[in-house]
Protein chains: 2
Amino acid sequence: MPNDLAPAESASHVHPLLRVLIVEDDPVMQLGLEQFLDDCDSLEVIGRAEDGYAAITLALELEPDLVVMDIGLPQLDGIAATQQIKQKSPDMRVVVLTSHMDDVEIVAALASGADAYCIKGASLEQLAVAVSCARTGAAYLDPQIARRVFNHLQCTHSSAPVVPLSPRELDVLKLIVEGKSNPEIASELFLSISTVKTHLRGIMNKLSVDDRVQAAVAALRNGLV
Amino acid sequence: MPNDLAPAESASHVHPLLRVLIVEDDPVMQLGLEQFLDDCDSLEVIGRAEDGYAAITLALELEPDLVVMDIGLPQLDGIAATQQIKQKSPDMRVVVLTSHMDDVEIVAALASGADAYCIKGASLEQLAVAVSCARTGAAYLDPQIARRVFNHLQCTHSSAPVVPLSPRELDVLKLIVEGKSNPEIASELFLSISTVKTHLRGIMNKLSVDDRVQAAVAALRNGLV
DNA sequence: TCATTGATTGGCCGATCGGTCGATTTCAAG
DNA sequence: CTTGAAATCGACCGATCGGCCAATCAATGA
């Protein structure tokens with residue numbers, strides 16, 4: 001029986017109830033959330049907040065295991081609230097629930113420490129799955145945004161140097177990206193300015209660019225740094 | 001509706017059985033996976049593959065709803081296989097299951113189109129949750145890597161312009177990032193070179209940098225482009 | 001109304017840059 | 001041993017850059 005391979009935590013029955021704090025300014029939405037979450041037999045709603053400041057206060061006071069956080073909140077928005085909560089209680093999980101789908105807001109939310117990102121209007125089943133993920137520390141991203149988030153990742157993706165720069169050229173390139181001038185690079189690498197220029201020429205040739213600015217941009221975009 | 005958070009069962013009544021293809025070169029691991037997955041009453045294992053090429057062939061032939069994909073495969077690795085499968089069948093879900101935790105590999109896997117990323121050695125319950133996420137198109141990231149992935153996001157993170165550049169300055173900055181020289185920028189924006197230089201000075205002041213290279217780098221790093 | 005801000009332009013000058021020649025040394029591979 | 005790539009240096013020159021000065025005009029808001 002393969003299910004015995006599953007270590008310690010064999011799901012919701014072993015754990016005590018997951019204590020949940022709901023942060024939502026819309027009364028109707030808040031009621032609906034509470035109804036749904038309270039119906040789940042593995043968790044209990046222990047508090048509600050209508051704005052960001054109340055959320056932080058309540059989170060520190062009640063110490064819930066998980067916070068369901070709206071983003072569009074009066075006074076202090078959900079992203080800032082998440083940031084502060086996560087800073088003070090890193091192990092407290094935060095499920096962000098919002099109707100906004102801007103890339104910037106999504107990224108900001110995830111960078112602020114949110115564990116899951118759900119879209120309002122999606123099925124309640126998905127919210128339940130998101131909570132399941134978050135409770136273990138795993139990340140959940142709504143189907144509508146998952147691809148978009150991962151596309152934002154490609155900027156870092158590299159590892160396979162498209163252009164084979166020599167080690168020394170890489171040294172120079174790094175300093176160029178740091179904004180150093182040729183004389184500065186020369187003194188930092190204990191080279192003459194002429195040598196730096198030679199390497200720079202090699203870099204620009206291999207990268208097929210015309211100046212150091214494009215070289216720096218190419219270096220960043222291709223993750224050569 | 002039943003609000004059981006245990007994900008493996010939650011969808012079983014509404015959806016037909018989820019047809020799963022297992023790709024794993026280790027025979028023991030493959031057997032264990034099949035045992036566990038087949039035990040879940042909401043899905044059935046319809047095929048197995050031991051290498052990347054077989055995975056692609058079988059995926060196109062059997063048209064499973066979901067593929068559980070190992071990364072370390074002989075001949076063609078799981079990332080390349082995922083990429084090809086996703087290219088031909090975008091709606092086919094892929095759960096990546098591996099023991100590697102390099103950032104580059106994780107990012108590569110997600111960029112290749114994987115819907116979920118699980119770490120071998122984690123509980124089977126987590127795999128079940130990952131499958132639940134992936135089946136709806138949502139993303140799942142193992143707790144051990146979730147934070148790391150989102151930290152990679154910060155490169156793009158901006159939204160709240162740390163530095164408020166004027167619209168015109170942004171125009172100039174964009175062209176600088178494209179490697180344009182001042183004269184080129186001037187003619188492209190129908191400005192005089194002097195104006196471009198003025199804006200550039202403003203940009204460099206606001207970004208607290210000393211030259212156009214650092215301005216370009218700052219623009220990329222802060223996502224002002 | 002007056003002040004501020006942003007966009008616009010001009011000139012001057014020294015420093016730096018990028019291109020184009022050249023050169024030597026070392027080290028590893030053929 | 002010879003070839004080649006990489007790294008190291010030099011000189012020249014025109015173009016560009018960046019800092020500093022000052023100015024006009026429109027729109028926005030106090």
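By convention in this document, chain letters (A, B, ...) are assigned in the order of the sequence lines, proteins followed by strands, and residues within each chain are numbered from 1. Hydrogens, waters and symmetry mates are skipped; everything else that's a heavy atom, side chains included, is used.
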TODO: For the helix from C:dT1-D:dA30 to C:dG30-D:dC1, figure out the bend between the end axes, five pairs an end, and round to 10 degrees.
DONE: 50°
TODO: To the nearest Å, give me how far apart CG (A:L191) and P (D:dG10) are.
DONE: 11 Å
Open item on the list: If I take atom CD1 from residue B:I56 and atom CD from residue B:Q87, how far apart are they, to the nearest 0.5 angstrom?
Closed with: 10.0 Å
Task: Length of the line joining A:K206:NZ and D:dA5:P, which is rounded to integer Å - done: 10 Å
Task: Selected nucleotide, minimal atom distance to A:S194 side chain, candidates C:dA7, D:dG10, D:dT8 - done: D:dG10
Task: side-chain hydrogen bond (donor to acceptor under 3.5 Å, both in side chains) pairs, two or more places apart, involving residues 187-201 of chain B - done: B:S192-B:T195
Task: Gap separating the CG atom of A:L141 from the CZ atom of B:F150, nearest 0.5 angstrom - done: 4.5 Å
Open item on the list: Just the rounded figure in Å: distance from C1' of C:dG19 to CG of A:N205.
Closed with: 10 Å
Expected list for residues 109-121 of chain A: side-chain donor-acceptor pairs under 3.5 angstrom, two or more places apart:
{"unit_1": "A:S112", "atom_1": "OG", "unit_2": "A:A109", "atom_2": "O", "d": "2.6"}
{"unit_1": "A:D115", "atom_1": "OD2", "unit_2": "A:K86", "atom_2": "NZ", "d": "3.0"}
{"unit_1": "A:D115", "atom_1": "OD2", "unit_2": "A:V94", "atom_2": "N", "d": "2.9"}
{"unit_1": "A:Y117", "atom_1": "OH", "unit_2": "A:H100", "atom_2": "O", "d": "3.3"}
{"unit_1": "A:K120", "atom_1": "NZ", "unit_2": "A:E24", "atom_2": "OE1", "d": "3.0"}
{"unit_1": "A:K120", "atom_1": "NZ", "unit_2": "A:D70", "atom_2": "OD1", "d": "3.1"}

Task: Atom pair CE/CD1 of A:M29 and A:I22 - distance to nearest 0.5 Å - done: 11.5 Å
- [ ] Round to a whole Å and report the spacing from CZ of B:R168 to P of D:dA27.
- [x] 16 Å
- [ ] Any chance you could list the contact pattern along nucleotides 12-22 of chain D? Use B for base contacts, S for sugar-phosphate-only contacts and - for none, protein heavy atoms under 4.0 Å, 5' to 3'.
- [x] B----SBBB--
Open item on the list: In whole Å, I'd like the distance from the CZ atom of A:F190 to the P atom of D:dA7.
Closed with: 18 Å
Task: Check: A:D51 side chain, A:A54 main-chain N or O, donor-acceptor pair, under 3.5 Å - done: yes
Distance-only donor-acceptor hits, side chain of residues 58-67 of chain A, under 3.5 Å, sequence neighbours excluded:
{"unit_1": "A:D65", "atom_1": "OD2", "unit_2": "A:R19", "atom_2": "N", "d": "2.8"}

TODO: Answer yes or no: does atom CD of B:E184 have more than 12 heavy-atom neighbours from other residues, nucleotides or ligands under 6.0 Å?
DONE: yes
- [ ] Assess the side chains of A:Q214 and B:E178: does a donor N or O sit below 3.5 Å from an acceptor N or O?
- [x] no
TODO: Compare side-chain N and O positions of A:T195 against OP1 and OP2 of D:dA7 and report whether any pair is under 4.0 Å apart.
DONE: no
Open item on the list: Quick check for you: to the nearest 0.5 Å, what is the distance between B:R148 atom CZ and B:D142 atom CG?
Closed with: 10.0 Å
Open item on the list: Once you apply a heavy-atom cut-off of 4.0 Å, does A:S166 come out as touching a base, just sugar-phosphate, or nothing?
Closed with: sugar-phosphate
Listed pairs, N/O of protein and of nucleotides 28-30 of chain C, under 3.5 Å:
none

Task: Whole angstrom value for the distance that separates C1' of C:dG6 from CD of B:E169 - done: 8 Å
Open item on the list: What's the separation between atom CD1 in B:I106 and atom CD1 in B:I145, rounded to the nearest 0.5 Å?
Closed with: 4.5 Å
Task: For atom CG of A:D171 and atom C1' of D:dT8, their distance in whole Å - done: 14 Å
Open item on the list: Expressed as a whole number of angstroms, how long is the span from A:L173:CG to D:dA7:C1'?
Closed with: 17 Å
